[in-house]
Amino acid sequence: MKIFEKAFRVIQQLEQHGYEAYLVGGAVRDYLIGKAVGDLDIATSATPDQVIKVFDKVIPIGIEHGTVLVRFEQESFEITTFRIEGAYSDYRHPDSVNFVTDVTADLARRDYTVNAIAMARTGELVDPFDGRSAIEKKELVTVGKAFDRFQEDPLRMMRGVRFVSQLGYKLDHDARKVMEDQRLWLARIAIERVAIEMEKLCRGKHVKTAVQLLQDTGLWKAMPIFRNHPELMGELSNKIVPLGSLAEWIALCSLLSTRPVLDWVKEWKLSNAVKQDAQNLVRLLQSDMDAWVVYQLPDHLDTGYCRLVKIYKEIDIQDELSTLRDSLPIRNSSELAISGSDLISWFPERKKGSWIRDLLLAAEKAVVENRVPNDKEQLKEWVYNGHDT
Ligand code: ATP
Ligand code: MG
């Protein structure tokens with residue numbers, strides 16, 4: 001409970017002003033399961049305006065939906081007013097949000113019973129949908145009828161599969177049945193929201209089961225690119241292991257589907273960072289590993305690269321990679337002993353042009369491959385006599 005101490009003091013402060021407040025969502029769930037707890041969300045009967053009056057530092061991050069961010073003793077807490085939601089006609093935000101004063105009404109709008117438990121600062125639980133017995137049975141049960149809840153917000157189907165991946169739980173019979181029958185509802189959801197769940201899914205310990213579930217329910221038919229590659233999800237489910245990032249997932253999907261990373265990035269509206277990492281991984285996975293490949297691989301992709309080589313080529317290169325990385329003569333181009341201006345001064349008669357960049361790159365590669373030492377004089381010699389460009 002130590003991790004909750006500060007959150008409980010935030011709750012106490014709200015109570016002292018006459019409001020009710022609880023810890024809710026993933027933190028309560030993960031605590032009850034015995035898993036590492038992520039962000040701490042608080043729900044309260046106070047309206048956002050009232051919350052703002054209680055605390056000194058408040059950032060109104062989603063005030064129209066009742067959420068503010070409170071800075072309290074160097075930590076941030078999302079505080080959301082108890083609410084019930086109207087229809088989701090844009091499949092992104094509910095049309096209307098009505099603040100309520102009853103925590104049970106707030107818990108009723110939540111997706112799965114394991115996510116609909118509130119914890120008071122005394123540790124006492126408010127658990128109107130018996131989320132605890134779902135935890136005991138390792139089951140994902142929707143709050144209310146699966147058909148209604150998935151129709152309201154079809155992202156909940158994807159969230160369900162994501163929780164399967166993270167928790168290793170089973171979907172209850174109704175939830176699974178509605179997913180199978182109504183899988184195409186998912187296509188109504190903004191792809192960015194699906195991608196956020198996909199990232200959590202591909203990192204989950206039980207990712208194999210989850211990918212199998214995407215395959216069996218046919219949810220893949222509602223997903224860009226997957227829907228054009230009926231074999232892809234099956235191939236993935238045979239090979240997949242828990243990954244480290246969405247970039248790894250995209251790299252693997254790109255290789256198996258033989259569709260360029262750029263297609264995935266466009267159709268899934270992914271960030272530049274994901275694009276760059278996935279492109280790097282794919283490019284390097286398409287050649288055999290040597291010093292030059294390792295040199296070009298950004299450090300932060302080492303683990304992912306090894307994982308993908310193992311999945312895609314079925315070989316273990318981890319030790320070889322770290323040996324190669326440790327013996328690299330330079331780590332990046334700024335460590336090269338010569339620069340463009342050296343080349344210009346050594347060839348004063350040549351007009352400036354792309355030869356400078358090409359020659360520098362050739363020198364960099366020669367150094368990395370130990371064909372010439374990273375020494376200015378020796379590189380000069382190499383440039384005059386030995387180089388092969
Ligand atoms: P994580 O550990 O990944 O943060 P989480 O369960 O906390 O998982 P969040 O997306 O942070 O997930 O949402 C917090 C809580 O809000 C959930 O536990 C759930 O009660 C509720 N919630 C989130 N998204 C939905 C949704 N689409 N429909 C209904 N309830 C939702
Ligand atoms: Mg959360």
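Along the sequence shown, residues carry numbers from 1. When a ligand or atom number is given, it counts from 1 through the structure's own listing order.
- Of all the heavy atoms of F150, none lies under 4.0 Å from any atom of ligand 1, so neither backbone nor side chain is involved.
- From the protein, the heavy atom lying nearest to atom 15 (C) of ligand 1 is R110 NH1, 3.6 Å.
- Protein heavy atom closest to atom 30 (N) of ligand 1, with residue, atom name and distance, is D111 N, 3.2 Å.
- D288 and K313 get closest at one heavy-atom pair: OD1-NZ, 4.2 Å.
- Residue N115 has at least one nitrogen or oxygen atom sitting less than 3.5 Å from a nitrogen or oxygen atom of ligand 1, judged on distance alone.
- Applying salt bridge (charged side-chain N to carboxylate O under 4.0 Å, His left out) to D111 and the options R29, R156, R159 leaves one that passes, R159.
- Taking the six-membered ring where tryptophan is involved, the planes of Y384 and W346 are tilted, since the angle between them lies from 30° to 60°.
- For atom 1 (P) of ligand 1, the closest non-hydrogen atom on the protein side is R162 NH1, 3.8 Å.
- Among all heavy-atom pairs drawn from A195 and L270, the shortest one is CB-CD2, 4.0 Å.
- Under a 4.0 Å criterion applied to the non-hydrogen atoms of D39, ligand 1 contributes the atoms 4 (O).
- Seen from the ring of W355, R350 counts as a face-on cation partner, given the 6.0 Å and 45° thresholds.
- Of all atoms in ligand 1, listed by their number and element, those nearer than 4.0 Å to a heavy atom of R109 are 29 (C), 30 (N).
- Short contacts between ligand 1 and R156, defined as distances under 4.0 Å to a heavy atom of the residue, involve ligand atoms 26 (C), 27 (N), 28 (N), 29 (C).
- In this structure, N374 contributes its side chain and A337 its backbone to a donor-acceptor pair below 3.5 Å.
- Although no hydrogens or angles enter the test, the distance criterion places a donor-acceptor pair under 3.5 Å between the side chain of Q50 and the main chain of T47.
- Shown in contact with K200 at under 4.0 Å from a heavy atom are these atoms of ligand 1, numbered in order with element: 3 (O).
- To the nearest 0.5 Å, atom CD of residue Q13 and atom CZ of residue F72 are 5.0 Å apart.
- Looking only at protein heavy atoms, the nearest one to atom 27 (N) of ligand 1 is D153 OD2, 2.9 Å.
- At least one side-chain heavy atom of V51 sits under 4.5 Å from a side-chain heavy atom of T44.
- Counting only non-hydrogen atoms, the option in Q166, R159, R29 that gets closest to atom 17 (C) of ligand 1 is R159.
- Within ligand 1, the atoms closer than 4.0 Å to a non-hydrogen atom of G25 are 18 (O), numbered from 1 in the order shown.
- The protein heavy-atom contact nearest to atom 11 (O) of ligand 1 is D41 OD2, 4.2 Å.
- For A363 against L379, the heavy-atom pair with the smallest separation is CB-CD2, 4.2 Å.
- Proximity of Y112 to ligand 1 is not established, as no heavy-atom distance is less than 4.0 Å.
- Nearest N, O or S atom of D39 to the Mg ion (ligand 2): atom OD1.
- Those atoms of ligand 1 that come under 4.0 Å of a heavy atom in G26, given as number and element, are 5 (P), 6 (O), 7 (O), 18 (O).
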